[in-house]
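Reading through the structure tokens given below for one structure.
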Amino acid sequence: MKRIVLHWTAGRNYPSSFEKQFYHYLIDKDGNVFEGNYSPEDNLDCSDSKYAAHTGGGNTGSIGVAMCAMSGFKSAKEVGVFPITLVQFEACMKFCASLCKKYNIPINENTVMTHYEFGQKNPKTSSFGKIDITYIPPYSWVGKNDVGSFIRSKIRWYYLKILKG
């Protein structure tokens, strides 16, 4: 595996069977991790159509991790009725750190990114224009263009805790 792409489902706070088709892992509002229908290894070869299609133009070698949240999101002032929770966000960061360790994925802007960042880096893909993740309700002070860096710093912090045991 070469990277992790983080998402929000734009749904409710718990994973649905529909959402499990698209992500390898889903984190609910309480911080519980659920497996999707496909393993990360299914995305090593996407030519067989049996993979988690979470990032248009960037599925091959990518692990899709989604927080179950953000249905109705329009802006920082209108986040909808299912915002990302603090417990959910922190559990997601810790889980991503464990994935980085398991798959030996370095934590940088090319290997751990939001769906939004992937789209910005790859404007000719269907991921261009995606807004997940551009806002983190528990950390509302983090600006849209700083969300990816903030996420990577959180994942690095958890990664170092894992290494220290």
Is the number of heavy atoms from other residues, nucleotides or ligands within 6.0 Å of [atom1] ([X]) greater than 12?
{"X": "Glu35", "atom1": "CD", "value": "no"}
{"X": "Asn104", "atom1": "CG", "value": "no"}
{"X": "Arg12", "atom1": "CZ", "value": "no"}
{"X": "Lys130", "atom1": "NZ", "value": "no"}

Taking [X] for its side chain and [Y] for its backbone only, find out whether a donor-acceptor pair lies under 3.5 Å.
{"X": "His54", "Y": "Phe22", "result": "no"}
{"X": "Ser127", "Y": "Gly56", "result": "yes"}
{"X": "Glu78", "Y": "Ser75", "result": "no"}
{"X": "Lys121", "Y": "Glu109", "result": "yes"}
{"X": "Arg3", "Y": "Met113", "result": "no"}
{"X": "Asp146", "Y": "Val142", "result": "no"}
{"X": "Gln88", "Y": "Cys68", "result": "yes"}

Between [atom1] on residue [X] and [atom2] on residue [Y], distance to nearest 0.5 Å:
{"X": "Ile27", "Y": "Leu6", "atom1": "CD1", "atom2": "CG", "value": "8.0 Å"}
{"X": "Met70", "Y": "Phe82", "atom1": "CE", "atom2": "CZ", "value": "12.0 Å"}
{"X": "Tyr116", "Y": "Lys144", "atom1": "OH", "atom2": "NZ", "value": "4.0 Å"}
{"X": "Asp42", "Y": "Ser49", "atom1": "CG", "atom2": "OG", "value": "12.0 Å"}
{"X": "Ile155", "Y": "Phe150", "atom1": "CD1", "atom2": "CZ", "value": "11.0 Å"}
{"X": "Cys96", "Y": "Tyr25", "atom1": "SG", "atom2": "OH", "value": "10.5 Å"}

* Asked: Between the side chains of Thr111 and Asn108, does any donor sit under 3.5 Å from an acceptor?
  -> yes

* To do: Would you check if there is a donor-acceptor pair between the side chains of Tyr14 and Asp30 at a distance under 3.5 Å?
  => yes

Flag yes if [X] and [Y] sit in one hydrophobic cluster, no otherwise; membership is Ile, Leu, Val, Met, Phe, Trp, Tyr, and two members link when side-chain heavy atoms are under 4.5 Å apart.
{"X": "Ile105", "Y": "Trp157", "answer": "yes"}
{"X": "Tyr23", "Y": "Val33", "answer": "no"}
{"X": "Val87", "Y": "Ile136", "answer": "no"}
{"X": "Met93", "Y": "Leu86", "answer": "yes"}
{"X": "Tyr51", "Y": "Val5", "answer": "no"}

With heavy-atom distances below 4.5 Å as the criterion, would you say the side chains of [X] and [Y] are in contact?
{"X": "Tyr139", "Y": "Lys154", "value": "yes"}
{"X": "His7", "Y": "Glu19", "value": "no"}
{"X": "Thr134", "Y": "Trp8", "value": "yes"}
{"X": "Leu99", "Y": "Met1", "value": "no"}
{"X": "Pro15", "Y": "Thr9", "value": "no"}

For a quick test of reading the model, state the closest non-hydrogen atom pair linking [X] to [Y] and the distance between them.
{"X": "Ala97", "Y": "Tyr158", "answer": "CB-CB, 3.7 Å"}
{"X": "Cys46", "Y": "Thr60", "answer": "SG-OG1, 3.6 Å"}
{"X": "His24", "Y": "Ser62", "answer": "CE1-O, 3.3 Å"}
{"X": "Ile84", "Y": "Pro137", "answer": "O-CB, 3.8 Å"}
{"X": "Tyr38", "Y": "Lys50", "answer": "CE2-C, 3.6 Å"}
{"X": "Pro83", "Y": "Ala69", "answer": "C-CB, 3.9 Å"}

* Mutual orientation of the aromatic rings belonging to Phe73 and Tyr135 [parallel < 30°, tilted 30-60°, perpendicular > 60°] -> parallel

* To do: Take Ile4 and Tyr103, measure what side chain to side chain contact (heavy atoms under 4.5 Å, CB included) needs, and give me the verdict at the end.
  => CA-CA 10 Å; Ile4 297 171; Tyr103 290 101; over 6 Å; no

